[in-house]
Number of protein chains: 2
Amino acid sequence: MLLPKPTLAIVDDHPIVIEGLTKLLMKKEKFDLIGSFTNGMDFIPFLKATPVKIVLLDIVLPGIDGMDLCKEIKSISPTTTVLAFSNHQERSGIMKMLENGASGYVLKDASIDELMFCIEEALNGKITFSKAINDILIQAQLKENRLTKLTKRETEILKLIANGITTPHIAEHLFLSKFTVENHRKNILQKLKAKNMAELISIANQQGLL
Amino acid sequence: MLLPKPTLAIVDDHPIVIEGLTKLLMKKEKFDLIGSFTNGMDFIPFLKATPVKIVLLDIVLPGIDGMDLCKEIKSISPTTTVLAFSNHQERSGIMKMLENGASGYVLKDASIDELMFCIEEALNGKITFSKAINDILIQAQLKENRLTKLTKRETEILKLIANGITTPHIAEHLFLSKFTVENHRKNILQKLKAKNMAELISIANQQGLL
DNA sequence: TAGAATATAGCTGTTTACAGCTATATAAGA
DNA sequence: TCTTATATAGCTGTAAACAGCTATATTCTA
């Protein structure tokens with residue numbers, strides 16, 4: 001290959017991960033691995049001295065964490081592409097990384113091919129995620145889209161209410177105490193921010209919950 | 001005109017109407033007016049003896065009324081076209097005539113051109129109505145289509161209910177007694193056949209009343 | 001595995017809803 | 001003009017809804 005390979009650095013507090021990644025990346029011969037670091041404090045001076053095209057960045061790090069480090073990296077070298085590489089699966093962490101300038105998020109149990117693909121996509125300016133992360137984000141999206149999240153039981157009871165069945169009858173029908181049904185009703189009212197059953201059914205209809 | 005004109009008969013208990021119609025029809029020279037009768041008993045023997053293509057038939061007649069006479073005419077001579085020509089504006093009478101085989105219904109205050117047009121349409125096998133009758137039928141249709149007919153007040157209150165406003169507050173808002181609002185609610189419940197407010201709002205939503 | 005969410009059950013008031021009636025004045029329609 | 005529909009107001013019960021709490025067992029899930 002005549003073109004110079006993109007320079008790549010790893011920041012991960014697990015030496016084993018660094019070791020494994022190094023070997024795999026060597027095999028592929030697509031990137032020039034110019035440095036591995038187990039914390040952000042060591043990496044920052046290096047970045048200031050050396051141009052780095054792409055950084056694989058863990059979230060959990062001793063001292064400054066990945067989220068903050070990402071921000072720092074982008075302010076020092078905006079042309080550097082940061083790709084989160086972590087085991088963290090919380091949506092909040094993922095979002096924070098993206099807000100701070102990361103170009104994607106790859107879960108550590110992703111395959112090497114998946115990782116290579118994501119790196120290339122990131123280098124092309126795209127935001128990419130490994131499959132597992134994608135699933136998490138989509139699911140979160142779905143939950144959020146469903147403006148209101150009623151449980152199975154609540155949905156069941158809501159439908160009965162919409163059919164004009166009263167609390168005592170619902171209790172009978174579902175073999176529950178009337179107190180239980182009443183509690184479910186209270187919860188539904190709260191979740192949909194309704195003052196009473198009439199408004200509840202209105203809102204439920206608007207949101208297509210029936 | 002070389003073609004034989006269609007034969008036409010009038011059955012109407014008002015001599016003035018017969019007189020006027022006769023003159024107008026003569027002018028148009030489109031039909032061969034072969035007989036005028038002020039009651040059905042006189043007309044039936046005539047019809048049995050003479051082929052009549054079209055009959056202008058009033059509803060209010062001495063002895064046998066227009067609805068029954070129409071049926072009789074169609075059973076004696078199915079090829080005879082009967083066109084109701086009356087002042088009656090009740091939907092039930094119109095429907096009865098049609099059920100008994102009439103090909104249309106022209107109100108007596110229709111213009112002569114309207115009448116001529118309707119006769120021709122009827123001869124062509126169509127069911128026609130003068131404009132005023134059409135309006136009556138359409139309006140009746142609309143009323144019936146609107147599966148449920150709520151009054152202005154009821155609709156107003158229904159919307160407030162759907163917004164979660166309780167009876168006492170609705171009463172305040174509309175400067176009414178709470179008893180009045182309660183009565184409106186009862187009426188709405190009955191009209192929409194709902195057991196309670198929850199079901200009411202469901203049904204109202206289904207019927208697009210909100 | 002610990003914490004969060006869910007489903008369950010309970011108690012006590014107060015407020016609303018609902019059923020069942022009567023009644024009257026006005027407006028709209030046949 | 002006469003009947004029907006509408007809008008108004010009233011009364012009396014009973015049933016249901018609602019607000020505000022506590023509490024526990026189970027199930028999800030990070």
Side-chain angles (χ1 to χ4, degrees), chain A residues 59-60 86-94 107 132-133 135-136 139-140 143 148-158 160-162 164-172 174-201, chain B residues 59-60 86-94 107 132-133 135-136 139-140 143 148-158 160-162 164-172 174-201:
Chain A
I59 286 183
V60 183
S86 174
N87 261 325
H88 262 248
Q89 303 188 30
E90 281 106 277
R91 214 179 81 88
S92 60
I94 301 172
L107 204 62
I133 293 297
D135 289 350
I136 290 171
Q139 206 159 356
K143 269 188 190 168
T148 314
K149 7 95 238 247
L150 293 184
T151 67
K152 268 182 246 167
R153 206 48 152 175
E154 285 165 353
T155 306
E156 189 179 11
I157 289 175
L158 174 60
L160 293 173
I161 292 170
I165 321 291
T166 63
T167 298
H169 286 150
I170 293 174
E172 265 183 63
L174 299 180
F175 306 106
L176 293 175
S177 151
K178 70 162 187 167
F179 298 111
T180 304
V181 178
E182 264 189 8
N183 281 324
H184 283 304
R185 291 173 66 122
K186 284 172 199 167
N187 292 334
I188 300 173
L189 280 178
Q190 275 196 340
K191 284 187 179 179
L192 297 220
K193 297 193 186 74
K195 290 185 285 296
N196 53 40
M197 285 304 128
E199 195 183 15
L200 176 71
I201 302 301
Chain B
I59 286 184
V60 182
S86 175
N87 261 326
H88 260 248
Q89 305 188 31
E90 280 106 277
R91 215 179 80 88
S92 59
I94 302 173
L107 204 62
I133 293 295
D135 289 351
I136 289 171
Q139 206 158 357
K143 270 189 189 168
T148 315
K149 35 282 106 170
L150 293 184
T151 66
K152 266 184 250 170
R153 208 44 154 176
E154 285 165 352
T155 305
E156 188 179 13
I157 289 175
L158 173 61
L160 293 172
I161 293 170
I165 321 291
T166 63
T167 298
H169 287 150
I170 293 174
E172 263 183 63
L174 299 180
F175 307 104
L176 293 175
S177 151
K178 69 163 187 166
F179 297 111
T180 303
V181 177
E182 265 189 8
N183 282 324
H184 283 303
R185 292 174 65 123
K186 285 172 198 166
N187 292 334
I188 300 173
L189 280 178
Q190 275 196 340
K191 284 186 178 178
L192 297 221
K193 297 191 185 75
K195 291 185 285 296
N196 52 40
M197 285 304 129
E199 194 182 15
L200 176 71
I201 302 300

Exercise. Given that B/Phe179 and A/Thr167 both sit by DNA chain D, which one's nearest nucleotide is further toward the 5' end?
Worked result: B/Phe179
For this session: Would you mind reading off the distance between B/Asn87 atom CG and C/dA30 atom C1', rounded to a whole angstrom?
Result: 14 Å
Problem set entry | Spacing of A/Leu174 atom CG relative to C/dA7 atom C1', expressed in whole Å | 12 Å
Exercise. Of B/Glu182 and B/Asn196, whose nearest nucleotide on DNA chain D comes first from the 5' end?
Worked result: B/Glu182
Exercise. On a plain distance test, is the side chain of B/Asn183 in donor-acceptor contact with the base of D/dA9 below 3.5 Å?
Worked result: yes
Seminar exercise, completed: Rounded to whole Å, the NE2-P distance (B/His184 to C/dC18) equals 16 Å
Exercise. To the side chain of A/Thr151, which of D/dA7, C/dG20, C/dT6 is closest?
Worked result: C/dT6
For this session: May I ask you to evaluate whether A/Thr166 reaches the phosphate of D/dA15, defined as a side-chain N or O under 4.0 Å from OP1 or OP2?
Result: no
For this session: Could you grab the distance from atom CG of B/Leu158 to atom CE of B/Met197, nearest 0.5 Å is fine?
Result: 8.5 Å
Problem set entry | Atom pair OG1 (A/Thr155) and CG (A/Leu150), whose distance is rounded to the nearest 0.5 Å | 4.5 Å
Problem set entry | Side-chain heavy-atom pair B/Asn196, B/Glu199 within 4.5 angstrom cut-off | yes
Problem set entry | Nucleotide C/dT15, atom P - distance to CE of B/Met197 in whole Å | 20 Å
Seminar exercise, completed: Between the OG1 atom in A/Thr166 and the CD atom in A/Glu172, the distance rounded to the nearest 0.5 Å is 8.5 Å
Exercise. What is the nucleic acid contact for A/Lys178, judged by heavy atoms within less than 4.0 Å: base, sugar-phosphate only, or nothing?
Worked result: nothing
Exercise. Expressed in angstrom and rounded to an integer, what is the separation of A/Ile157 atom CD1 from C/dT6 atom P?
Worked result: 14 Å
Problem set entry | Atom-pair distance (CG on B/Asn187; C1' on C/dC21), nearest Å | 13 Å
Problem set entry | Pair A/Glu156 + A/Arg153: basic N to acidic O under 4.0 Å | yes
Problem set entry | Minimum-distance nucleotide to A/Leu176 side chain [options: C/dA9, D/dC18, C/dG20] | C/dA9
Problem set entry | Protein-nucleotide distance (B/Lys186, atom NZ; D/dT8, atom P), rounded to Å | 15 Å
Exercise. How close or far is atom P of C/dA17 from atom CZ of A/Arg185, stated in whole angstroms?
Worked result: 13 Å
